[in-house]
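The chain is numbered in sequence order, starting from 1. These numbers come from a predicted model, not from an experiment.
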Amino acid sequence: MNIVVVGYGAMGIQLVEKIGTTTGYTLVGVVDKQSNLGVNSFADLKSVPDVIIDFSHPSYLNEMLDYACDNKVGLVIATTGFNAKELQEIKTASKLIPILQTSNTSLGVNLLLEVIKQITPVLEEFDIEVIEKHHNKKIDSPSGTAKVLVEELLQNSNKTRTVHGRNGFEKRESNEIGVHAVRGGTIPGEHTIIYAGEDEIIEIKHSALSKQVFVTGALKAADYITSADSGLYTMSNVLMNKGEYNGRKRDH
């Protein structure tokens, strides 16, 4: 499989290294305007890849979508921070090419999402808090993964609003979900959901001990998307394809 990586930051570096040491994968280019490695634009690529894996920044989106649609190349988009207009552009492009979009390529986090769907309706009388922790170089907060977790919690509970952090003097309301972001050191990523009821607490936590969990998931996503039809997919589709859970159908 021939792969182009977009973004040569912390994730891109490890992804490139993994591709170089794994049989069956070939790196055909890196697109990053800030790095000396690779090229500055998709027009400078010397060959068309089988798939593009994106760990960059929303500013790359338009050029990447244009290139992928023109060349009929599948995309794995693991970048976060898109606005509503950009999300719509991704959806529109997915009518022409297969696109897997995710805020987190970890298989564990995506299994966590499935657990949330099952247990949250049962625990709807519990107070719910979400805490996410990341390294001190992460610029968006709360994390894209935390936003997806909260979205699933809202959809599967009687909660109707979120409160980001707490300050001052105000009683907690039963219809809210608290969301808290921690930034420090080199924490790869940690997400905790707390269900607090009367005299009992349930905590579900996922910790990424290194960025390799995201690299592994990204390559699994690339394997999936290269054989997929045009459409918009999630990591749930990858898990279902691997037989790791009886998940939902493709998100066409």
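Looking at D50 and Y25, their side chains never bring a donor and an acceptor atom within 3.5 Å of each other. Of the N and O atoms on the side chains of E114 and S236, at least one donor lies less than 3.5 Å from an acceptor on the other residue. A side-chain N or O of T145 and one of N104 form a donor-acceptor pair less than 3.5 Å apart. Looking only at atom types and distance, the side chain of T120 has a donor-acceptor partner in the side chain of Y195 under 3.5 Å away.
In this structure, K33 places its NZ atom where more than 12 heavy-atom neighbours from other residues, nucleotides or ligands lie under 6.0 Å away.
Side-chain N or O atoms of D32 include one that pairs as donor or acceptor with a backbone N or O of Y8 at under 3.5 Å. Put simply, the side chain of E86 gets close to the backbone of N83: a donor and an acceptor are under 3.5 Å apart. A donor-acceptor pair under 3.5 Å links the side-chain atoms of E132 to the main chain of S143, judged by distance alone.
With sequence neighbours excluded, no residue forms a side-chain hydrogen bond (donor to acceptor under 3.5 Å, both in side chains) with D199. Here F42 pairs with Y67 under the ring-ring contact (aromatic ring centres under 6.0 Å, His included) rule; sequence neighbours left out. With sequence neighbours excluded, the residues that form a side-chain contact (heavy atoms from CB on, under 4.5 Å) with D140 are T80, K138.
Looking at K147 and E151, no side-chain N of the basic residue comes within less than 4.0 Å of a carboxylate O on the acidic one, giving no salt bridge.
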